[in-house]
Amino acid sequence: MKRRNLLSLIAVIILIAVFSFEYLQEKETQDVIISEGQTEKENTNTYFLPTSTTNSVVHHKFYSLSYSEAHEQAEWVAYELKANQVVSTNHKRPYFQIDKSVKTEGAHWRNYKNSGYDRGHLCPAGDRKFSKEAHDETFLTSNISPQEHEFNSGIWNRLEQKVRYWAKRKDGVFVVTGGILSDELKTIGEEHVAIPEYFYKIIYDQSSKSPKMLGFLIPHENSNEALYKFVVPVDQIEELTGIDFFPQLNDKIENTLERQSSYKNWSF
DNA sequence: CTGTACTGC
DNA sequence: GCAGTACAG
């Protein structure tokens, strides 16, 4: 029946139109003005969330995290760093606050006081300078890990600056970072905040038609070695952490990207 | 940039 | 607990 086929076709078209409209509406409601006419998607950082081994995922306005109560820190912090978010505005450093969004509540910053370790940002303050609100939001204890000062201000700082460089150059990157939280780590403070022996960082670039991924695994000690010497397959970080990074990607693409450890498409 | 520490209220 | 200031890699 031709008439029936035509009616079905029209019905399908209408359904697609309705869903598209709703989809676009939803997208629009996610748009948020950050500053002076710049429109950014709010919570784009939630598009590529890793899995959680602790079932304790928290969404902040400008980054998300999965908290490990056993280690009193995040197992991962994930966010998008857009090219136009890399700015040099200076903000005063606020005090670290306990993250009220974490059900079990994060550690108090006093655990770090006189511990000999830095309150090392996972989502760096330097990546959220585009607004005071975004900057201050990184000063939650759920976003820090004990780091040796020479490591934090040394090779880790170098890597964070490289991420900002890539974000500008590649029109934005997605970042997932944290410490390797294994058993029987040394701890600091009354709440026993674990001191990771390794830190990892994964960068994902989807600005071109061929997406790119880069994983770093760095021992918790300063090093003057070139950063690319710490590049590892993301699969290795997944084995160490039990976390599945970028599960939203098409399996074939994900497998290919996470198996490799080539940095030839990344300029250091 | 990445941070800590001290003084003083 | 918070502000201001000084100092270090």
Side-chain angles (χ1 to χ4, degrees), chain A residues 62-63 65 72-74 76-77 79-100 105-170 172-173 175-180 186-191 193-203 214 216-230 266-268:
Chain A
F62 299 104
Y63 65 93
L65 64 92
E72 286 292 3
Q73 65 196 277
W76 54 254
V77 169
Y79 60 98
E80 182 183 10
L81 180 57
K82 294 215 147 227
N84 62 7
Q85 290 177 330
V86 182
V87 297
S88 56
T89 318
N90 277 318
H91 301 283
K92 189 187 172 188
R93 287 187 144 237
Y95 280 77
F96 279 95
Q97 303 295 329
I98 289 174
D99 190 342
K100 293 267 168 50
E105 291 215 334
H108 197 280
W109 57 263
R110 274 195 219 93
N111 291 286
Y112 291 75
K113 179 115 177 157
N114 297 321
S115 69
Y117 289 87
D118 277 9
R119 303 158 182 125
H121 277 85
L122 295 176
C123 175
D127 284 5
R128 308 281 85 160
K129 294 177 76 171
F130 49 85
S131 79
K132 187 177 190 305
E133 183 188 11
H135 177 259
D136 286 1
E137 195 181 60
T138 68
F139 285 76
L140 297 170
T141 57
S142 53
N143 184 43
I144 58 173
S145 178
Q147 291 182 339
E148 289 180 10
H149 184 66
E150 293 205 331
F151 170 84
N152 189 16
S153 62
I155 189 167
W156 194 245
N157 188 21
R158 274 198 289 140
L159 178 54
E160 290 176 339
Q161 294 189 44
K162 196 66 73 183
V163 170
R164 286 191 276 274
Y165 166 74
W166 284 324
K168 278 188 290 186
R169 220 162 175 274
K170 296 172 173 294
V173 291
V175 185
V176 184
T177 192
I180 304 289
K186 285 194 290 183
T187 66
I188 56 170
E190 290 182 5
E191 295 177 280
V193 183
I195 306 165
E197 293 177 349
Y198 291 86
F199 287 90
Y200 69 88
K201 199 180 284 285
I202 302 167
I203 322 296
L214 199 57
F216 291 88
L217 183 65
I218 309 185
H220 187 183
E221 61 187 8
N222 194 23
S223 168
N224 292 320
E225 296 267 20
L227 280 171
Y228 58 75
K229 294 198 172 179
F230 298 93
W266 301 76
S267 55
F268 284 77

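We name chains A, B, ... by the order of the sequence lines, and we start the count at 1 in each one. Note: hydrogens, waters and symmetry copies are ignored here, and every other heavy atom, side chains too, is used.
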Heavy-atom check, side chain of A/N90 versus side chain of A/K129, under 4.5 Å: yes
A/V193 versus A/Y112, closest heavy-atom pair with distance: CG1-OH, 3.5 Å
A/K92 vs A/H108, nearer the 5' end of DNA chain C by closest nucleotide: A/H108
Outermost DNA chain C nucleotides near chain A [under 4.0 Å, heavy atoms]: C/dG1 to C/dG9
Position toward the 5' end of DNA chain B (nearest nucleotide), A/T89 or A/Y95: A/T89
Phosphate contact (B/dC1 OP1 or OP2) by A/H121 side-chain N/O below 4.0 Å: no
Touch class at under 4.0 angstrom, heavy-atom based, for A/N90 against every strand present: sugar-phosphate
Protein-nucleotide distance (A/D118, atom CG; B/dC1, atom P), rounded to Å: 15 Å
A/R164 side chain reached by A/P124 side chain, heavy atoms, under 4.5 Å: yes
Presence of A/N114 side-chain N/O under 4.0 Å of B/dA5 phosphate oxygens OP1/OP2: yes
N or O in side chain of A/K129 less than 4.0 angstrom from B/dC1 OP1/OP2: yes
For DNA chain B, the residues among residues 143-161 of chain A that have a non-hydrogen atom under 4.0 Å from it: A/H149, A/N152, A/S153, A/N157, A/E160
Sidechain-backbone polar pair: A/W166 side chain, A/S267 backbone, donor-acceptor under 3.5 Å: yes
Plane angle bin for A/F139 and A/H121 - parallel if under 30°, tilted between 30 and 60°, otherwise perpendicular: perpendicular
Distance test, side-chain N/O of A/R93 to OP1/OP2 of B/dG3, below 4.0 Å: yes
Atom-to-atom span, CZ of A/F96 to C1' of B/dT2 - whole angstrom: 11 Å
Contact check, side chains of A/K82 and A/F130, non-hydrogen atoms, under 4.5 Å: no
Contacts of A/W109 that satisfy ring-ring contact (aromatic ring centres under 6.0 Å, His included) - sequence neighbours left out: none
Nucleotide B/dT2, atom C1' - distance to NE2 of A/H220 in whole Å: 13 Å
Aromatic centroids of A/F96 and A/H108 separated by under 6.0 Å: no
Chi angles and distances behind the side-chain contact (heavy atoms from CB on, under 4.5 Å) call for A/C123, A/F62: CA-CA 10 Å; A/C123 175; A/F62 299 104; over 6 Å; no
